[in-house]
Amino acid sequence: MSIRLYNALTKQKETFRPLIEGKVRIYVCGITAYDVCHIGHARSAVVFDVITRYLRYQCYDVTYVKNFTDVDDKIIVKANAERGTIFEISERYIREHDEDMDILRIARPTYAPKATEHIDGMIHLIKVLFNRGLAYEIEGDVYYAVEKFPGYGKLSGRTLEDMMAGARVDVSEKKKNPLDFALWKASKEGEPWWESPWGRGRPGWHIECSVMSQHFLGETFDIHGGGEDLIFPHHENEIAQSEGATGKPLANYWVYNGFVTVNGEKMSKSLGNFVTVKDILKNYHPEVLRLFMLQSHYKSPVDFSDESLADARMGMERFYTTLNSINEALSCCEDFSGITRETLSAVDSDVCGKLASLSDRFKEAMDDDFNTPRAIGYIFDAVRVVNGYMADKKSRISPETCFVLYHAGKAILETGRVLGVFFDSPADYFRQDRHREAGKRGLDVKEIERMIEERRATRLAKDWKKADEIRHALAEKKIILKDGPAGTTWKIE
RNA sequence: GGCGGCAUAGCCAAGUGGUUAAGGCAGCGGUCUGCAAAACCGUUAUUCAUCGGUUCGAAUCCGAUUGCCGCCUCCA
């Protein structure tokens, strides 16, 4: 069993073979720290989180690096506008980024370096490029001479001629070739600067990733990733810099997540449809956002809307409802330590077998280019099997049943957690959901619970008419009551 | 203009050469329930944008057409 993944460099699915047996080194381009994270950042983070979780689940020792760009035009503009330093701006947004990612249950990268921590390395790399005749300096700016690097365009699948034909190339007087890009920029008045052999300046955008990836992962590493918009020019330029300097491949597999659109439109500040992670987390559980994203393949574009999130919430409710039922059944469970697969009845054994196959099917799906939609389909299958089993066994909880349910719950939790979901207890999940939904609709939780308490008394008195009146009054507000043996619980539709 | 991607049920979405086209949401019928909810069972695409072609056989490969989208400028 081996993982196959789509390599954007070769444009085909390939068998994944890490450079060092058992170890995987991944570099993903992170954010430029000048604003809060939006759902596009969230998708990229979720995709690579799931990839690293799955690789670790498959017992790989993963080193995952995700950088922060903390010096850049937009940060400088914002710092000047606020009469602060670029560090005040970048530190603020890095902190916000980390908070958002933690809530989204994104495992922290092994290393999260900042560009400004590696200025010396950048200067060193630029010197190497000079020595190799790939860089030139004009008035304190240093440019990369793209026509000197034969492989330029190999990742994005275009040639220099193609690119020259495009009318949108910015023609700068200084550059020898309009496609040359800045490695180092002379700092203007009011801009941050570092000393360099070419005078006071600051780094170009692409050089940081070449330096930091090499610093943490070596000259060649396994997987380089990011959003698909980074293919050109960012990663094309990284390849030119790194491979131009070392003569070795930068990374063996190039993996890109598709974009998020909002109601069918590209997210942009001018359209005013910029959805931040914080906006979503006000209205939905973080795992709902993850489920929504993972129900599409990572390479596909995904369209975000309130309806699609609401659908994902219903799906998540199905999972947690089953997890809850398993917990309830096991809470009154008998000792099943003496039970083994071999001692089970045919029916019990059959269910146990079906649940045991979840893990294999899950791996089969994930091995195929991290096919999370299929993997999730298999978890839903398992949920149906275990629900059917519980419906059959309703009132007869035996040690054998407990054994089966215990293993069923374990299998579902284990697979789900590779996807970064099912980390809450069901009780917690539903409590949060009630409060969140009540908040969205301006409903008073205390008042709802008071009415349920009132209804409890009428039910004890078997006054069904009055009980139903209360049920219907709450139903008008989309509040659904569930009468169970342990009392009445509620949720919002 | 150049490069690339996508089109599968009411909606979302797997499947990319061969038994009944996963799964979720929504809907409908039934079981269960004091009534509900949840759950379960059944049901909802003779067909995969359109038209041709290759093949014993195609949603899956090839060509054309239509429609949508991304990149080529900062962008996850």
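Just so it is clear: chains get the letters A, B, ... in the order the sequence lines come, proteins before strands, and each one is counted from 1. Hydrogens, waters and symmetry mates are skipped; everything else that's a heavy atom, side chains included, is used.
- Between B:C40 and A:Arg318, a contact under 4.0 Å exists linking OP1 or OP2 to a side-chain N or O.
- Using C1' as the reference atom, B:U73 and B:U65 are 33 Å apart when rounded to the nearest Å.
- A:Pro113 places none of its side-chain heavy atoms less than 4.5 Å from the side chain of A:Phe68.
- A:Gly227 comes within 4.0 angstrom of sugar-phosphate atoms only, judged by non-hydrogen atoms across all strands, and of no base.
- The aromatic ring of A:Phe380 does not stack onto the base of B:G23, failing the criterion of a centre distance under 5.5 Å from the six-membered base ring together with planes under 30° apart.
- Nearest to the side chain of A:Ser296, among B:A13, B:G2, B:G24, sits B:A13.
- Rounded to whole Å, the distance from OH on A:Tyr320 to C1' on B:A39 is 19 Å.
- A:Lys440 forms a cation-pi arrangement with A:Tyr284, by the criterion of a distance under 6.0 Å to the ring centre and an angle within 45° of the ring axis.
- The nucleotide B:C35 finds no pairing partner, because no Watson-Crick or G-U wobble arrangement with both distances shorter than 3.5 Å includes it.
- When the P atom is compared between B:G1 and B:C28, the two are found 49 Å apart, to the nearest whole Å.
- Note: CE (A:Met293) to C1' (B:G24) measures 17 Å, nearest angstrom.
- A:Asp424 and A:Arg431 are not joined by a salt bridge, as no carboxylate oxygen comes within less than 4.0 angstrom of a charged side-chain nitrogen.
- At the heavy-atom level, A:Phe259 lies under 4.0 Å from base atoms of the strands shown.
- As the counterpart of B:A22, no nucleotide is assigned, since no Watson-Crick or G-U wobble pattern has both distances under 3.5 Å.
- With no hydrogens or angles considered, no side-chain donor-acceptor pair links A:Asp49 and A:Tyr64 at under 3.5 Å.
- Using the six-membered ring where Trp is involved, A:Tyr54 and A:Phe362 have ring planes that are perpendicular, over 60° apart on the 30 and 60° scheme.
- Residue A:Lys74 is classed as a sugar-phosphate contact, given heavy-atom separations below 4.0 Å to backbone atoms only.
- For the pair A:Ile376 CD1 and B:C12 P, the computed distance is 17 Å after rounding to whole Å.
- Mapping A:Asp72 and A:Glu317 onto RNA chain B via the closest heavy atom, the residue that lands nearer the 5' end is A:Glu317.
- Distance noted for atom C1' between B:A59 and B:U20: 16 Å (whole Å).
- No contact: A:Ser308 has no heavy atom under 4.0 Å from any strand.
- With hydrogens and angles left out, the side chain of A:Arg374 and the base of B:G23 share no donor-acceptor pair within 3.5 Å.
- Here A:Ile480 lies in heavy-atom contact (under 4.0 Å) with sugar-phosphate atoms only.
- Put simply, A:Asn257 has no side-chain N or O that comes within less than 4.0 Å of OP1 or OP2 on B:A76.
- Among the nucleotides B:C3, B:C74, B:A14, the one closest to the side chain of A:Asp162 is B:C3.
- For the pair A:Ser300 and B:A14, the criterion of a side-chain N or O lying under 4.0 Å from OP1 or OP2 is met.
- Base pairing annotation: B:U54 forms no Watson-Crick or G-U wobble pair, as no partner gives both donor-acceptor distances under 3.5 Å.
- Among B:G34, B:A76, B:G23, the nucleotide with an atom closest to any side-chain atom of A:Arg384 is B:G23.
- Remark: the separation of the P atoms in B:A22 and B:G15 is 13 Å, to the nearest Å.
- Under a 4.0 Å N-O distance rule, the pair A:Lys185/A:Glu191 does not qualify as a salt bridge.
- Side chain A:Arg471 to base B:C35: a donor-acceptor pair is found below 3.5 Å.
- What separates CG of A:Asp463 from P of B:G34 is a distance of 16 Å, to the nearest Å.
- Phosphate proximity of B:C71 to A:Lys266: present, with a side-chain N or O under 4.0 Å from OP1 or OP2.
- Across B:C48 and B:A21, the matching C1' atoms stand 8 Å from one another, rounded to whole Å.
- Across all strands shown, B:A59 forms no Watson-Crick or G-U wobble pair with both distances under 3.5 Å.
- Taking the C1' atoms as reference points, B:G24 lies 11 Å from B:A14, given to the whole Å.
- Remark: the separation of the P atoms in B:C12 and B:G18 is 26 Å, to the nearest Å.
- At the heavy-atom level, A:Gly264 lies nowhere under 4.0 Å from the strands shown.
- If you check B:C71, B:C40, B:A37 against the side chain of A:Ala391, the one that comes closest is B:C40.
- Across all strands shown, A:His38 has heavy atoms under 4.0 Å from base atoms, whether or not it also approaches the sugar-phosphate.
- Aromatic ring orientation, A:Trp254 versus A:Tyr256: parallel (interplanar angle below 30°, classes split at 30° and 60°).
- Ring pair A:Phe304/A:Phe292 is perpendicular by interplanar angle, where above 60° counts as perpendicular and below 30° as parallel.
- When the C1' atom of B:U73 is taken as reference, atom CG of A:Leu179 falls 12 Å away, rounded to whole Å.
- Taking 4.5 Å as the limit, some side-chain heavy atom of A:Ile223 sits within range of a side-chain heavy atom of A:Phe16.
- Within the shown strands, B:G5 is the pairing partner of B:C68 under the Watson-Crick or G-U definition, both distances less than 3.5 Å.
- Spacing between atom CG of A:Leu474 and atom C1' of B:A36 amounts to 12 Å, rounded to whole angstrom units.
- No hydrogens or angles were tested; on distance alone, a donor-acceptor pair under 3.5 Å links the side chain of A:Asp483 to the base of B:C35.
- For B:G15, the OP1/OP2 oxygens have a side-chain nitrogen or oxygen of A:Asn371 closer than 4.0 Å.
- Nucleotides B:G30 and B:C11, compared at atom C1', are 25 Å apart to the nearest Å.
- With hydrogens and angles left out, the side chain of A:Asp229 and the base of B:G70 share no donor-acceptor pair within 3.5 Å.
- Nucleic acid contact for A:Arg455: base, since at least one base atom lies under 4.0 Å from a heavy atom of the residue.
- For A:Val260, whose side chain is taken as the heavy atoms from C-beta onward, the closest listed nucleotide among B:G24, B:A76, B:C71 is B:A76.
- The interatomic distance linking A:His234 (NE2) with B:C72 (C1') rounds to 17 Å, in whole Å.
- The residue A:Glu307 sits apart from the nucleic acid: no heavy atom pair falls under 4.0 Å.
- Using the six-membered ring where Trp is involved, A:His38 and A:Phe274 have ring planes that are perpendicular, over 60° apart on the 30 and 60° scheme.
- Here the P atom of nucleotide B:A39 and the CG atom of A:Leu405 are 16 Å apart, to the nearest Å.
- Take the nearest nucleotide of RNA chain B for A:Asp303 and for A:Gly157: the residue whose nucleotide is more 5' is A:Gly157.
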